[in-house]
Amino acid sequence: MIVISGRVALADDEVEITAIRAQGAGGQHVNKASTAIHLRFNIRESSLPDAYKERLLAASHHLLTADGMIIIKAQEHRSQEMNREAAIARLVTTIQSLTAEQKRRRATRPTRASKERRLNAKSGKSSIKALRGKVRHSGE
């Protein structure tokens, strides 16, 4: 059971986990051990609530494919079990971040005092810049 939130959880059979060979340096061990994990999760066929599915399918994310699959490759650790845990943790955080309800922005107006402060600052800057001109002596 993969827990997404307090009310939402996924069954283990909804996530397809395959062990593959890791890339990169690793000596003799890397050529014979399949320690990397390839995780595939089908959003459309999952038991997630419809609201979650709609948000996930509408989202634009590098782990999401066009046909509604989340594909994660974990190969950070040297053991298969740790990579499996890392892949599942990344799946959970991806689902949580893409389905989080964004706060609606409430439009606000500047207060009268802030407008006055802004205008006073502008006129102050204007007078400072006006004094930067050439100095004319009265005798010239």
When every non-hydrogen atom of Ala19 is compared with those of Gln80, the smallest separation belongs to CB-NE2, 3.2 Å

Around Gln96, counting heavy atoms of other residues, nucleotides and ligands shown, do more than 12 lie under 6.0 Å from its CD?
yes

With side chains defined as the heavy atoms from C-beta onward, is the minimum distance between His38 and Ile71 less than 4.5 Å? yes

Decide yes or no for Ile17 and Ile88: does some side-chain heavy atom of the first lie under 4.5 Å from some side-chain heavy atom of the second? yes

Closest non-hydrogen contact found for Ser47 with Glu14 is OG-OE2, 2.6 Å

>> Is there a continuous path of hydrophobic side-chain contacts, each under 4.5 Å between heavy atoms, that joins Met82 to Leu91?
In response: no

In Ile72, Ile95, Leu63, the residue satisfying side-chain contact (heavy atoms from CB on, under 4.5 Å) with Phe41 is Ile95

Taken to the nearest 0.5 Å, the spacing of Leu131 CG from Ser127 OG works out to 6.0 Å

CZ (Arg40) and CD1 (Ile70) are apart, to the nearest 0.5 Å, by 11.5 Å

So, the side chain of His77 versus the backbone of Ser79: is there a donor-acceptor pair under 3.5 Å, distance only?
-> no

Of Met69, Lys53, Glu54, the one forming a side-chain contact (heavy atoms from CB on, under 4.5 Å) with Ile43 is Lys53

Minimal heavy-atom distance between Ala74 and Asn83, with the atoms involved, is CB-O, 3.4 Å

Of all heavy-atom pairs linking Ile37 and Ile20, the shortest is N-CG1, 4.5 Å

So side chain to side chain donor-acceptor pair (under 3.5 Å) across residues 86-95, not counting sequence neighbours, yields Glu76-Arg90

Heavy-atom closest pair (Ala59 atom, Leu98 atom, distance to 0.1 Å) is CB-CD2, 3.9 Å

Separation between OG1 (Thr18) and CZ (Arg84), nearest 0.5 Å, reads 10.0 Å

Here the gap from Arg44 atom CZ to Leu56 atom CG, rounded to the nearest 0.5 Å, amounts to 11.0 Å

